[in-house]
Structures are given as structure tokens and as C-alpha cells.
Undergrad: 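Here it is: the structure, laid out below.
Throughout, a chain's letter reflects where its sequence line sits, starting with A, and its residues are numbered from 1. Scope of the values below: all heavy atoms of this structure, side chains included, with no hydrogens, waters or symmetry mates. None of the values given here were measured: they were computed from a predicted structure.
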Protein chains: 2
Amino acid sequence: MDDLRPEKLYEQVKTYLRTGIAAGTWKAGEKIPSEFELMERLGASRMTVHRALRELSAEGVLLRVQGAGSFVQPPAPRSPLLEIYDIAEDITRRGHVHRAQVLALDSRPAGAEIAVEFSLRHRTKLFYSEIVHFENEVPVQLEERYVSPAFAPDYLAQNFTAITPNRYLQSIEPPHEVEHIIHAGQPDARVQRLLQLAAHEPCLCLLRRTWAKAGPATRSLLTHPGSRYSLGSRYKLADFNARPG
Amino acid sequence: MDDLRPEKLYEQVKTYLRTGIAAGTWKAGEKIPSEFELMERLGASRMTVHRALRELSAEGVLLRVQGAGSFVQPPAPRSPLLEIYDIAEDITRRGHVHRAQVLALDSRPAGAEIAVEFSLRHRTKLFYSEIVHFENEVPVQLEERYVSPAFAPDYLAQNFTAITPNRYLQSIEPPHEVEHIIHAGQPDARVQRLLQLAAHEPCLCLLRRTWAKAGPATRSLLTHPGSRYSLGSRYKLADFNARPG
DNA sequence: AGGGAAAAGTTGTATATACAATACGCATCC
DNA sequence: GGATGCGTATTGTATATACAACTTTTCCCT
């Protein structure tokens with residue numbers, strides 16, 4: 001499972017800087033060492049260091065000013081919203097530690113509402129998983145997921161502390177169609193406890209449904225603490241102006 | 001205003017490919033010329049061509065497969081959530097009646113946080129508007145918007161009961177870059193009153209910032225009643241698996 | 001015909017070099 | 001004091017080269 005190949009050199013440079021920023025070696029707004037300095041310190045060529053810095057700049061981690069230097073950008077609170085983003089990836093990219101706690105992983109009859117969504121007869125069985133995701137041991141997401149057995153027959157045999165359901169399902173077959181619905185809600189007592197929410201703290205709920213070519217595949221309700229998590233995206237529109245016809 | 005400097009060479013290569021794809025020279029799924037071929041055709045070095053292709057790949061325009069070639073990706077599906085949707089349009093499309101109540105429309109000094117976002121000195125004046133949007137006389141959105149005077153000099157002269165700020169600003173110049181951040185929050189007493197919220201009812205907050213080519217343009221905080229409003233999108237993903245032989 | 005090795009083609013990474021463009025401090029000049 | 005210009009530091013672009021990694025095609029041997 002693990003990728004044993006060594007990280008590419010430019011990736012090593014990126015990791016070096018990212019962990020340094022996460023560790024507070026360089027704080028937001030501060031200047032990081034110059035390309036030349038990093039080149040000597042890390043033993044890579046300037047072009048390799050340059051590439052690493054350019055990519056970090058494109059990712060919004062750094063702001064580079066020609067003639068002046070490279071500066072740490074304040075972290076943009078973001079998760080690519082409409083992509084099938086993976087929360088574990090998201091957390092580790094921020095340089096934090098991700099842990100998943102599996103509360104349930106079984107097969108259970110679909111309730112009326114769920115059955116309709118999956119175009120199944122009432123009480124037909126579906127796979128179900130319930131996982132709490134922690135960022136630095138703070139709960140940031142409750143994931144309640146129904147999966148069609150026809151789509152992922154081996155779902156129950158997976159170890160979801162090692163690989164997220166998201167990533168596992170993606171590896172089977174990328175979805176053909178996706179739906180996202182976002183709303184703000186008041187958690188019930190159980191959710192409040194699982195996410196360690198303060199009294200009356202709202203939560204941000206993201207309902208994501210996916211379809212494979214064969215039919216409905218998954219239905220996940222992702223609940224986040226309102227005060228500790230936000231969804232975001234930022235992108236350039238420039239490229240979409242020129243269109244044929 | 002126009003940038004008279006010649007486009008960078010790698011940008012020229014990107015433009016060459018983008019226009020070729022737009023013109024149908026290479027269709028989705030098809031293979032584009034190899035780096036070597038492009039290098040000879042365009043008179044750039046392979047590294048320069050390589051950089052152009054790598055960036056197009058990162059942008060999702062191309063799919064590159066080591067050892068095989070570079071293939072045109074089907075255009076990425078965009079969702080209404082990330083577009084600049086207009087709530088008046090949204091409401092009328094549902095067949096309901098939209099009404100806007102303008103609570104404020106003035107010029108006011110930017111607070112510390114806002115000034116930083118607009119790259120302005122503290123207390124420089126910005127245009128500000130505050131509008132409640134009603135769907136069938138039920139409040140569904142509180143719109144608190146800051147606008148750069150440099151971007152929209154005539155902003156204060158508009159009648160925002162007739163045209164939404166959104167639509168007006170779009171007519172000046174479509175944004176070059178957009179950021180959306182969504183979170184769930186607890187409204188303060190004032191918001192609670194304006195949106196006629198029940199006690200402890202959470203709200204869904206969408207912070208949208210836009211940039212024009214010249215710099216920061218607008219910053220809107222759109223607050224919705226959690227129980228009466230949700231954001232959603234559904235779209236088809238292209239088939240990324242198949243690649244022609 | 002089939003299998004498999006070899007070759008060719010294509011992209012990925014890394015380096016060295018050169019020069020251009022920009023920012024900033026410092027000395028100079030008026 | 002203030003404006004000007006210059007040198008240095010730093011990032012941006014472009015090129016040539018080399019080799020690695022991977023895919024596809026060719027071709028030879030069985």
C-alpha cells in the first residue's frame with residue numbers, strides 16, 4: 001500500500017518549507033530564505049528550489065515578489081468545495097495530524113428516505129459507516145455514509161483508520177455525477193457530544209451524493225463544527241472568457 | 001491600461017494550445033503534439049514547452065501520461081455554487097416574488113480587517129450597502145457589501161430595489177478572481193431580528209470576495225437563515241478513465 | 001502464431017548557465 | 001534635505017543537457 005519510492009527532490013523542498021511554516025519557523029508575512037540560501041542549505045540546484053517555490057506560490061502558501069523575496073502568506077481557510085475533497089488530505093496539507101475513529105461499519109436496512117434515494121425497496125440492506133475525523137485530536141467532521149453494496153462489495157472489509165472511505169471509493173470508480181447540498185443546522189445531543197460542540201453551537205452540514213454509471217453509489221452526510229470549520233474555494237475566472245462559437 | 005509587454009514565451013505556448021483546443025484543432029480526449037514536436041513547431045526549448053504543458057495539466061486543461069503523451073481533458077464542469085449566482089434570479093426562477101429592502105447605502109471608513117482585505121490604509125473610505133432580500137415576503141438573505149470606489153465610482157447612485165448590486169457590479173466588469181468561504185454561525189441580535197430568526201437558529205454565511213484586474217473589488221457577507229435556505233449543486237463529471245489508443 | 005526482448009517515443013526530474021526584471025539600500029550630487 | 005543614480009540582492013524566464021521512468025511499437029526467436 002505504502003509508496004516506498006523516495007519523494008522527488010522538489011517535493012522535499014516543498015515539504016521542508018511547509019513543515020517549517022507549520023512549525024512556526026517562518027510566520028505569516030515573514031520572509032523565508034532566498035532561493036540561493038535554500039539551494040546551499042538543501043543541496044538542490046536553484047532551478048529545483050525555484051520550481052518548489054513557484055508551486056508553493058501557486059498554491060497560495062507563499063507570496064513571491066521579484067527583487068524582494070518570498071513571504072509566507074496567511075493561511076486561506078479553504079477546502080476545495082465542489083471537488084470530492086478528502087478531509088485527511090486537507091488536514092495533512094495544512095501540516096496537521098489526521099486521525100479517524102470508526103464508530104460503526106456494518107450493513108443495515110435502509111430507512112424510507114434513504115431507500116428512495118438509492119432507488120431500492122424499503123429495508124433492503126446498505127453498507128453504512130460512521131467516522132469521526134480529528135485534526136490534531138480536535139474533532140472536525142462527523143461522516144455518516146451509506147454505500148451501495150453493488151458499487152463497493154468489499155466496503156466492510158476495509159480499514160478506514162488507514163484509508164478514508166472517500167479515497168477507497170474513488171479508487172474503485174470515480175463518480176459519474178455528484179450532488180452537494182450545504183446547510184446550517186442545530187446538532188442533536190449525540191452529534192454535539194461526538195464533535196465536542198459548545199451549547200447552541202451551529203454546525204455546517206454537507207450532504208454529498210454520488211452516482212456511478214450503474215446507478216446511485218454513495219450518500220454521505222458530513223457534519224462540521226460551525227466555529228472550527230469552513231468550506232471555501234478561490235479561483236481565477238480569466239481563462240473562461242475566451243470561448244468558441 | 002493595456003499591457004504592451006510581449007507575452008512570456010511559455011504563456012505563448014499555453015495560448016497556442018488553448019486556442020487550438022477552443023478552435024477544435026484538438027478535441028477532448030485527443031492527443032496533442034509531443035513536447036518535441038511543439039518545440040520544433042514553436043521554436044521554444046523543450047523545457048519551456050514542458051513548463052507550459054505542466055501548467056495546463058495543473059489547470060485541468062490537459063492530462064499528461066508519462067511515456068504516452070498529452071491529452072485534451074473534457075472541460076471541467078462548473079457548478080452554480082461557485083458561480084456568482086444572483087439571489088433575485090434564483091428566487092424568480094423558482095416562480096416566487098423577490099423584494100429587496102435597502103437598509104444602508106453610503107460611504108464609510110474601512111475597519112481594520114476590511115482595510116487589510118482591500119489593501120487600503122486604515123480608515124480609507126469604502127462604499128457600503130446593506131440589503132435584505134425577501135422571497136414571498138419572507139427574509140432569506142442579509143447582504144452586507146463593501147465595494148471599492150475605484151472599481152464602481154457610481155455605486156451610491158444606484159437604485160438597488162430595481163437591480164441587485166450583484167447584477168450591477170457584473171455589468172461593470174466581470175470579476176477576474178473569486179473567493180467563497182462558507183461557514184455556519186450564530187447570528188447576533190440584529191441579524192436575528194432582520195432575518196426573523198427563531199431563538200438559537202443557526203445561519204449559513206457565505207463570504208464572497210471578488211477581484212478585478214486592477215485589484216480587490218467587492219466583499220460581500222451573505223447571511224441566510226439556516227432552516228429556510230441551503231446552497232446546492234449537482235453536476236455530471238466527465239469520464240476521466242478512457243483514453244484513446 | 002505467440003511470447004518476450006529490444007527499440008523507439010514521450011514525459012518527468014535535475015542541473016548548470018545566462019540574462020532580464022524588480023526592489024531596496026546607499027552614496028552622491030545639487 | 002531631497003532627488004538621482006548605481007550596485008547588490010532576489011526572483012523571473014529561457015536554454016541546453018543528461019538521465020530516469022514509463023508506454024507503445026517493432027521485431028526476433030521459438
Side-chain angles (χ1 to χ4, degrees), chain A residues 2-18 20-21 26 29-73 236 238, chain B residues 2-18 20-21 26 29-73 119 215 240-245:
Chain A
D2 280 332
D3 196 341
L4 296 178
R5 288 173 302 184
E7 215 178 12
K8 312 289 183 189
L9 188 43
Y10 73 90
E11 287 289 355
Q12 291 180 38
V13 177
K14 289 174 71 175
T15 300
Y16 173 81
L17 288 166
R18 264 202 273 252
I21 290 168
W26 307 288
E30 286 182 6
K31 188 174 165 182
I32 66 166
S34 72
E35 294 184 354
F36 188 78
E37 165 76 33
L38 287 170
M39 168 183 147
E40 295 201 319
R41 194 185 295 185
L42 303 177
S45 75
R46 187 175 89 94
M47 287 311 294
T48 300
V49 171
H50 181 77
R51 172 172 176 181
L53 295 187
R54 176 150 44 84
E55 292 192 0
L56 286 176
S57 168
E59 292 167 24
V61 176
L62 296 179
L63 172 66
R64 280 159 69 67
V65 181
Q66 184 172 152
S70 305
F71 305 85
V72 178
Q73 283 278 67
K236 287 187 167 57
Chain B
D2 280 334
D3 197 340
L4 296 177
R5 288 171 304 183
E7 218 178 9
K8 312 288 183 190
L9 188 44
Y10 73 90
E11 289 288 357
Q12 291 181 39
V13 176
K14 289 174 70 175
T15 301
Y16 173 81
L17 289 165
R18 263 202 274 254
I21 291 168
W26 307 289
E30 287 181 6
K31 188 173 164 182
I32 66 166
S34 72
E35 294 184 354
F36 188 78
E37 165 77 32
L38 288 170
M39 168 182 147
E40 295 201 320
R41 193 185 295 188
L42 302 176
S45 75
R46 188 175 88 92
M47 287 309 294
T48 300
V49 171
H50 180 77
R51 172 172 176 182
L53 295 188
R54 175 150 45 83
E55 292 193 0
L56 285 176
S57 168
E59 292 166 24
V61 176
L62 296 179
L63 171 67
R64 280 159 71 65
V65 181
Q66 184 172 151
S70 305
F71 306 85
V72 178
Q73 283 278 63
S119 317
F240 295 102
N241 296 339
R243 172 161 61 81

Undergrad: L56(B) CG to dG12(C) P: how many Å, rounded?
TA: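 In whole Å, dG12(C) P and L56(B) CG are 12 Å from each other.
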Undergrad: If you compare all heavy atoms of W26(A) against all heavy atoms of V72(A), which two are closest, and at what distance to 0.1 Å?
TA: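 Closest approach of W26(A) to V72(A): CB-CG2, 3.8 Å.
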Undergrad: On a heavy-atom basis, which atom in P33(A) and which in R41(A) lie closest, and how many Å separate them?
TA: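 Shortest heavy-atom contact: CG-NH2, 3.7 Å.
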Undergrad: In the 5'-to-3' direction, what one-character label does each nucleotide of nucleotides 11-16 of chain D receive under the scheme B = base within less than 4.0 Å of a protein heavy atom, S = sugar-phosphate only, - = no such atom?
TA: BBBBBB
Undergrad: Would you confirm whether S57(A), through its side chain, and L53(A), through its main-chain N or O, come within 3.5 Å as a donor-acceptor pair?
TA: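 A pair under 3.5 Å: no.
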Undergrad: What is the minimum heavy-atom distance between R64(B) and R54(B), and which atoms define it?
TA: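 So the minimum-distance heavy-atom pair works out to NE-N, 4.2 Å.
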Undergrad: Can you measure F71(A) atom CZ to dA9(D) atom P for me and round it to whole angstrom units?
TA: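 It works out to 16 Å between those atoms.
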Undergrad: Which heavy-atom pair separates S45(B) from M39(B) by the least distance, and what is that distance?
TA: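 Looking at all heavy atoms of both residues, the closest pair is C-CG, 4.1 Å.
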